[in-house]
Amino acid sequence: MDFRLTAEHELIREMAYKFGQQEVVPDVTARDREAKSDRAMLEKMGDAGILGVSIPEAYGGSGTDYISLGLVCEELERADTTARVVMSVHSGLHALTLLQWGTEEQKQRWLPGLASGKLIGAFGLTEPNAGSDAANISTTAVKDGDSYVINGQKTWISLADYADQFLLITRLSGSDAKAPYAAFIVDRNTPGFSSRALHGKLGVRAGNTGEIFFEDMRISADCRIGEEGDGFKVAMSALDHGRYTVAAGAVGIITACLDACTRYAKDRTVQGEPIAKKQLVQQMIASMVQGRDIGRLLYYQVGWMKNEGLRHTRECSMAKWTNCERAFDAANKAVEIHGAYGFIDDFPVERYFRNSRGAMIYEGTHEIHTLMQAEYELGYRSDKPLARTLPTWPS
Ligand code: CAA
């Protein structure tokens, strides 16, 4: 067992750290206040090569391993959750799932654009009546010759207004498949597609979230990902990748809390000494350090399992569940350490508090991950190897 990051990992971490601090942090408060989202951030990330991380060179990516993706997510979220959400949706839920499930022709068609950022990808699973109960979706695809006609609606879709294409999970009408679901890549310019932004979110305010609608939207059958009946598995695979990026990002929030709190606690003087000398403050800092270090081990393990081509649904759920809880706890403590200054956006910790709350809901709620872990332990949930995995690394 080797816990060291390689020299290449360190370079990637440094690149993502610099990108976050130089390109994201300077206007993060203004963007959050104005709830300003645009494509500019996505384009900058594409230009910096960040969107190609963990996509093989054969498809225009950087050819780096899956731990690299985690490191990038950690450093991006240390700067701002909004930037990490782009990675979770574009790279995790969309591009890696295409890498896992696409035919060679489909990978050649879409991955180079996704790796360079010329194409932005998003994910459509959740519906107004199907959140945690993902199998209850009602968006329907009906086969018609060489195409499918799709009707329905998805909600809580990150990048709804900016993504060029969506990995869409639908129910299959008239199919005799055991699990009547299918997955498609849908171009937003397809007639019958429309989107609408959601406003007034508690956190991730500068991130675009919306609804997408399909009205008699006709999709060529060669845009189907996997076979008819594979749609639910494609969705669950996507969550294995998305949850990994969320777990790694959560460690970045804890690190950001530590950055802010160690600075503030050494500056702020009470009763003639910095509050960093007060044991109750030290207790909170120690707890954040504990969350950060446990969180890293959990996501490094998942990254390693991805590299090896091992099933990691259980471990990924554990990392996402634990790290997001610890990130919210760290942000709460960071507000506490800052006192009244933790309650105003002159300091970043109130934003960490709001943003970290969201990650306990999306990509599987706190309750879903609690139940999954109990069911694995009780033997009620299968953990058998999957027939289809990501390409191993090194390949
Ligand atoms: N990879 C591939 N296949 C998988 C899989 C995986 N990770 N996990 C399960 N499967 C397969 C299973 O093997 C099974 O196939 P077989 O019958 O052939 O064995 C099939 O899929 C069904 O699996 P389950 O029995 O586990 O299905 P379930 O109905 O019990 O799932 C659940 C329950 C795990 C709670 C699931 O509904 C779930 O994860 N819900 C949460 C949904 C979620 O996280 N939504 C987030 C949306 S995305 C988002 O939030 C991002 C954004 O943009 C904001």
Side-chain angles (χ1 to χ4, degrees), residues 81-82 84-94 96-97 100-101 120-137 139 154-163 166-169 171 177-181 183 195 198 201 203-204 207-212 225-227 229-247 249 302 305-306 309-318 320-321 324 355 358-376 378-390:
T81 300
T82 312
R84 191 274 305 152
V85 167
V86 173
M87 292 303 285
S88 295
V89 174
H90 172 91
S91 302
L93 293 168
H94 190 103
L96 288 193
T97 314
Q100 182 177 352
W101 282 90
I120 297 297
F123 180 63
L125 171 65
T126 303
E127 298 182 0
N129 289 317
S132 292
D133 186 9
N136 194 38
I137 56 171
T139 291
K154 299 284 175 181
T155 191
W156 290 109
I157 305 304
S158 301
L159 309 180
D161 287 334
Y162 301 117
F166 297 80
L167 175 59
L168 189 69
I169 313 299
R171 187 173 283 280
K178 185 182 109 192
Y181 303 95
S195 70
L198 290 168
K201 287 177 294 175
V204 201
N208 172 251
T209 312
E211 298 170 286
I212 53 178
I225 304 299
E227 300 300 322
D230 282 342
F232 196 75
K233 293 180 185 183
V234 174
M236 293 297 118
S237 306
L239 291 170
D240 281 348
H241 311 319
R243 287 168 181 170
Y244 171 61
T245 62
V246 175
V302 178
M305 292 179 85
K306 281 184 181 296
L310 299 170
R311 180 167 191 178
H312 51 273
T313 312
R314 184 177 71 80
E315 292 78 4
C316 190
S317 158
M318 174 62 85
K320 194 272 178 186
W321 177 42
C324 292
N355 287 351
M360 289 166 70
I361 302 171
Y362 54 70
E363 305 232 16
T365 59
H366 164 92
E367 288 76 14
I368 284 294
H369 292 292
T370 306
L371 294 176
M372 284 175 73
Q373 292 303 322
E375 288 168 6
Y376 279 124
L378 291 162
Y380 296 160
R381 177 162 290 281
S382 163
D383 202 15
K384 62 177 192 261
L386 296 169
R388 200 185 275 254
T389 63
L390 284 173

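Start at 1 and go down the list; that is how both ligands and their atoms are numbered. Just so we're clear, the structure is a prediction, and the values are computed from it rather than from any experiment. Basis for what follows: all heavy atoms, side chains included, without hydrogens, waters or symmetry-related copies.
- Atoms of ligand 1 lying under 4.0 Å from any heavy atom of Ser158, numbered from 1 in the order shown and given with element: 52 (C), 53 (O), 54 (C).
- With a 4.5 Å cut-off on side-chain heavy atoms, Tyr376 and Thr313 count as touching.
- Within the 4.0 Å cut-off (strictly below), a protein heavy atom is located near atom 17 (O) of ligand 1.
- Residue contact check: Tyr362 has heavy atoms under 4.0 Å from atoms 50 (O) of ligand 1.
- Checking atom 47 (C) of ligand 1 against the protein gives a heavy-atom contact under 4.0 Å.
- For atom 12 (C) of ligand 1, no protein heavy-atom neighbour is found at a distance under 4.0 Å.
- Atoms of ligand 1 found under 4.0 Å from any heavy atom of Lys384 (numbered from 1 in listed order, with element): 19 (O).
- Checked against Arg314 for a side-chain contact (heavy atoms from CB on, under 4.5 Å), the options Gln373, Met372, Glu375 give a single hit: Gln373.
- In terms of polar-atom proximity, Thr126 is not counted as a contact of ligand 1, lacking any N or O under 3.5 Å from an N or O of the ligand.
- For ligand 1, the polar-atom distance check against Leu93 finds no nitrogen or oxygen pair separated by under 3.5 Å.
- Close contacts between ligand 1 and Leu386 involve ligand atoms 1 (N), 2 (C), 3 (N) [criterion: under 4.0 Å to a heavy atom].
- Contact atoms of ligand 1 toward Trp156: 52 (C), 53 (O), 54 (C) (distance under 4.0 Å to a heavy atom of the residue).
- For Asp161, the side chain to side chain donor-acceptor pair (under 3.5 Å) criterion is met by Ser195, Asn208, not counting sequence neighbours.
- Take Glu367 and apply the side chain to side chain contact (heavy atoms under 4.5 Å, CB included) test, not counting sequence neighbours, and it matches Thr365.
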